[in-house]
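Worksheet for the structure shown next.
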Amino acid sequence: MENTASVHAKKIMLSGIQPSGDLHLGNYLGAVKNWSGLAEEFDCFYFMADLHSITVRQNPAELRRRSVSQLAQYIACGLDPEKNTLFIQSHVHEHAELGWILNCYTMFGELSRMTQFKDKSAKNAENINGGLFTYPSLMAADILLYQADFVPVGQDQKQHCELTRDIALRFNNIYGETFKVPEPYIPKVGARIMSLGTPTSKMSKSDPQGCVFIMDSPEEIARKFKRAVTDSDTENCVRYAPEEKPGVANLMSIYSSVTGRSFAEIENEFAGQGYGAFKRAVGEAVIETLRPIREESQRILADKEYLRGVYTQGAERASSAARRTLRKVYKRIGFVEKPF
Ligand code: TRP
């Protein structure tokens, strides 16, 4: 009993992850690495957002493979399934159900203003489907089902979080206190990692040459760092000056994240050495950081029974929380109680 009470005293954190590709160094150093520590302080839920994925056309075999392989990568990055609730969105049918309901409390005008909808419809002009438009109501359902206090989000999802708050407030105003109104969670730590090829843009899988994936082989990682863009200044000296020397600054951030050294220590370490030696050292440090993660991902991925156990247990835990909220919602809006 005591245990249950302390679990419920923790604030709830929730995030969805689109199973859209392998994790990269930017995801790892910027976010996931820090998530493992959050479980001490928060009750954390993370899920593979496969319902969201089908708003753009997917290859079924690929979607299935990626949902599981991404889950394995998150576990390998330190998300412990015993301490976090890890699950697959489509396994918890309450998401789709509350998603429909919240569609009826979300305005056409609000959805029309979402910048992600505008961007994605410009990119997928041949498939501007209803799901792409109502994507934010489903995301609101994901969050509100668990009465989440915090949602760790990047800049691109802030508008969706704002809309979630508006939907929750609207619903609560009509029917009385039903949903916790969530807040975006801006992590205190977490590096912003830029592309190795274009150090003024964020590292992204859409730019594979500038992007180091956690599943890349050591040879591949070494090659990508060797080709990393440093700056065309004449000083050829490792110095932290993000405006003037964004390429070097990015490599310094990466090196600092993986070794824990400060920028001043890094400048000292490479004093008198050129960019070539520096890039090699950063590449090696990243290889050694990612090696155990890649090996662990492969090991987990090969253990299908284990993974199945993880997402079964995750869905069970998630369902019981989701069911509680959905039941309350059905009652509030006037649905006849299900007799069976
Ligand atoms: N839309 C998010 C993204 O593209 C993924 C997501 C789905 C999500 N549901 C969520 C994130 C709920 C946070 C909370 O990154």
Side-chain angles (χ1 to χ4, degrees), residues 11-24 26-28 30-32 34-35 38 42-56 58 63 66-67 70-71 73-74 79 84-103 106 110-111 114-121 123-124 129 131-168 179-187 190 202-206 314-315 318 321-322 325:
K11 299 251 183 198
I12 297 169
M13 175 88 80
L14 170 137
S15 190
I17 300 143
Q18 289 238 25
S20 55
D22 288 338
L23 281 181
H24 59 66
N27 303 133
Y28 176 63
V32 190
N34 306 312
W35 289 358
L38 296 175
F42 303 102
D43 205 355
C44 297
F45 293 78
Y46 300 101
F47 60 92
M48 300 299 131
D50 54 353
L51 296 176
H52 279 99
S53 289
I54 61 164
T55 53
V56 297
Q58 300 287 335
L63 176 60
R66 273 194 268 108
S67 300
Q70 224 163 280
L71 178 62
Q73 291 175 34
Y74 277 91
L79 277 193
N84 298 274
T85 301
L86 308 179
F87 66 104
I88 295 174
Q89 187 185 25
S90 62
H91 289 178
V92 182
H93 56 75
E94 284 82 359
H95 288 249
E97 292 174 63
L98 186 61
W100 165 254
I101 290 173
L102 295 185
N103 268 329
T106 310
E110 289 174 318
L111 293 170
M114 294 293 116
T115 54
Q116 185 175 81
F117 171 68
K118 292 190 231 171
D119 291 350
K120 286 198 181 171
S121 25
K123 279 189 204 136
N124 300 285
N129 60 70
L132 199 60
F133 188 61
T134 60
Y135 180 113
S137 321
L138 178 61
M139 180 159 158
D142 298 339
I143 298 168
L144 301 180
L145 265 181
Y146 298 94
Q147 307 287 349
D149 295 275
F150 297 110
V151 184
V153 281
Q155 198 55 37
D156 64 323
Q157 296 299 315
K158 260 177 122 169
Q159 200 185 22
H160 290 162
C161 279
E162 278 303 312
L163 181 59
T164 299
R165 290 169 56 88
D166 293 342
I167 296 171
F179 297 124
K180 170 75 65 61
V181 181
E183 285 178 36
Y185 177 81
I186 315 292
K202 246 173 87 173
M203 183 174 281
S204 151
K205 60 179 183 292
S206 59
T325 302

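None of these values were measured; they are calculated from a predicted model. For ligands, and for the atoms within them, numbers begin at 1 and follow the listed sequence.
Using a 30° and 60° split on the angle between ring planes, Tyr146 and Phe45 fall in the tilted class, from 30° to 60°. Phe150 and Phe42 have perpendicular rings, their planes meeting at more than 60° on a 0 to 90° scale where under 30° would count as parallel. Ring-plane geometry between His160 and Tyr135 is classed as tilted, the angle between the planes lying from 30 to 60 degrees on a 0 to 90 degree scale.
With a 4.5 Å cut-off on side-chain heavy atoms, Glu183 and Arg165 count as touching.
Atom-to-atom distance recorded for Gln116:CD and Gln159:CD is 9.0 Å, nearest 0.5 angstrom.
When the side chain to side chain contact (heavy atoms under 4.5 Å, CB included) test is applied to His91, the partners found at least two apart in sequence or on another chain are Ile88, Tyr311, Ala315.
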Please tabulate protein-ligand N/O pairs under 3.5 Å for ligand 1, atom names and distances to 0.1 Å.
unit_1: ligand 1; atom_1: 1 (N); unit_2: Tyr135; atom_2: OH; d: 2.6
unit_1: ligand 1; atom_1: 1 (N); unit_2: Gln157; atom_2: OE1; d: 3.0
unit_1: ligand 1; atom_1: 4 (O); unit_2: Tyr135; atom_2: OH; d: 3.1
unit_1: ligand 1; atom_1: 4 (O); unit_2: Gln157; atom_2: NE2; d: 3.4
unit_1: ligand 1; atom_1: 9 (N); unit_2: Asp142; atom_2: OD2; d: 2.6

